Amino acid sequence: MRKLRHEEIDRPSADQVRLLPRHPVTVVLDNIRSVHNVGAIFRSSDGALVERILLTGITATPENPQMHKTALGAQDTVPWSYEPDATVAIDHLRSLGYTVAVLELTDSSIPVSAVSHDYFPLCLVIGNELSGVDQSLINQADCALEIPQYGAKQSLNVAVAYGIVIFDLIKILRNG
C-alpha cells in the first residue's frame, strides 16, 4: 500500500465541479461564530456536493480571508448566499418544497438513519456552537436530526457534527 500523491488523485477541477449535478440539500448556517468552522463546513459541503449554503445572522461569508485557511478553495466551488434572517431563508426554501431539518437534540429528534428519500429536497439547519439551533428555527422545522453519542458530552464541534450528518444524508440519497 502506498499513499497517493496529490496529482494521482482523480478529482474534477473547480470549473468541472460547477457543472456537476448537485445533491438536493441546501444548508442554512445560522449564527456560526467561528470563521474556521464555517470554512470547514464549506470544505465538507464541497466533498458532499451540496446544492448550496445559505449563511445567516453573524455567520462569516467567504469574503473573510480567514475562512480560506480551512475552506481550502471550497468557498469558490460551493454556491452560497447571505440572508440576514434565517427564518426568511427557511420560509423561502419551504415554499420551494424543501423539508426543513434542524441538527439539534429535541424531545422528538430522530437519528439521521431514519431519513428517507421522501425528505429530499432537504434544508439542513445548523446552529450556533454554544446555543445550537434557535428555538424559533426549531419551530419552523419538520424534523430534528441527532447523532447518537455514547460518552459524557452531549454535543460535538459544529463542523464535525455537520460532516457526519451530511455524508450520512448523501449516502441515504445515493443508495436508494
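Only this structure's heavy atoms are used, side chains among them; waters, hydrogens and symmetry mates stay out. Keep in mind that what you see is a predicted model, and the values were worked out from it rather than measured.
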Student: Ignoring hydrogens and angles, state whether a donor on the side chain of Thr56 or Glu83 is under 3.5 Å from an acceptor on the partner side chain.
Tutor: no
Student: Looking at Glu129 and Arg33, does any basic side-chain N land under 4.0 Å from a carboxylate oxygen?
Tutor: yes
Student: Salt bridge or not for Arg2 and Glu8, using N-O below 4.0 Å?
Tutor: yes
Student: Would you say the side chains of Tyr82 and Thr59 form a donor-acceptor pair under 3.5 Å?
Tutor: no
Student: Ignoring hydrogens, what is the shortest heavy-atom contact between Cys123 and Val28? Give both atom names and the distance.
Tutor: SG-CG2, 3.7 Å
Student: With a 4.5 Å limit on heavy-atom distance, are the side chains of Asn139 and Gln135 in contact?
Tutor: yes
Student: Is there a side-chain contact between Ile32 and Leu29 (heavy atoms, below 4.5 Å)?
Tutor: yes
Student: Are any of the side-chain heavy atoms of Val102 and Cys143 separated by less than 4.5 Å?
Tutor: no
Student: Going from CD1 on Ile53 to CZ on Phe42, what distance comes out if it is rounded to the nearest 0.5 angstrom?
Tutor: 4.0 Å
Student: Testing the 3.5 Å rule here: is there a donor-acceptor pair between the side chains of Asn157 and Asn37?
Tutor: yes
Student: Is there side-chain contact between Leu124 and Thr26, with heavy atoms separated by less than 4.5 Å?
Tutor: no
Student: Taking a hydrophobic cluster as the set of Ile, Leu, Val, Met, Phe, Trp and Tyr residues connected by side-chain heavy atoms closer than 4.5 Å, whether directly or through intermediates, do Leu173 and Ile126 fall within one such cluster?
Tutor: yes
Student: Under a plain distance cut-off of 3.5 Å, with no hydrogens placed, do Ser13 and Asp15 share a side-chain donor-acceptor pair?
Tutor: no
Student: Could you tell me which residues satisfy side-chain contact (heavy atoms from CB on, under 4.5 Å) with Thr106, sequence neighbours excluded, listed by chain and number?
Tutor: Glu104, Ser108, Ser109, Ile138, Ala144
Student: Is the CD atom of Glu63 crowded by more than 12 outside heavy atoms at less than 6.0 Å?
Tutor: yes
Student: With a 3.5 Å distance limit and no angle check, can you tell me whether His23 reaches the backbone of Pro121 through a side-chain donor-acceptor pair?
Tutor: no
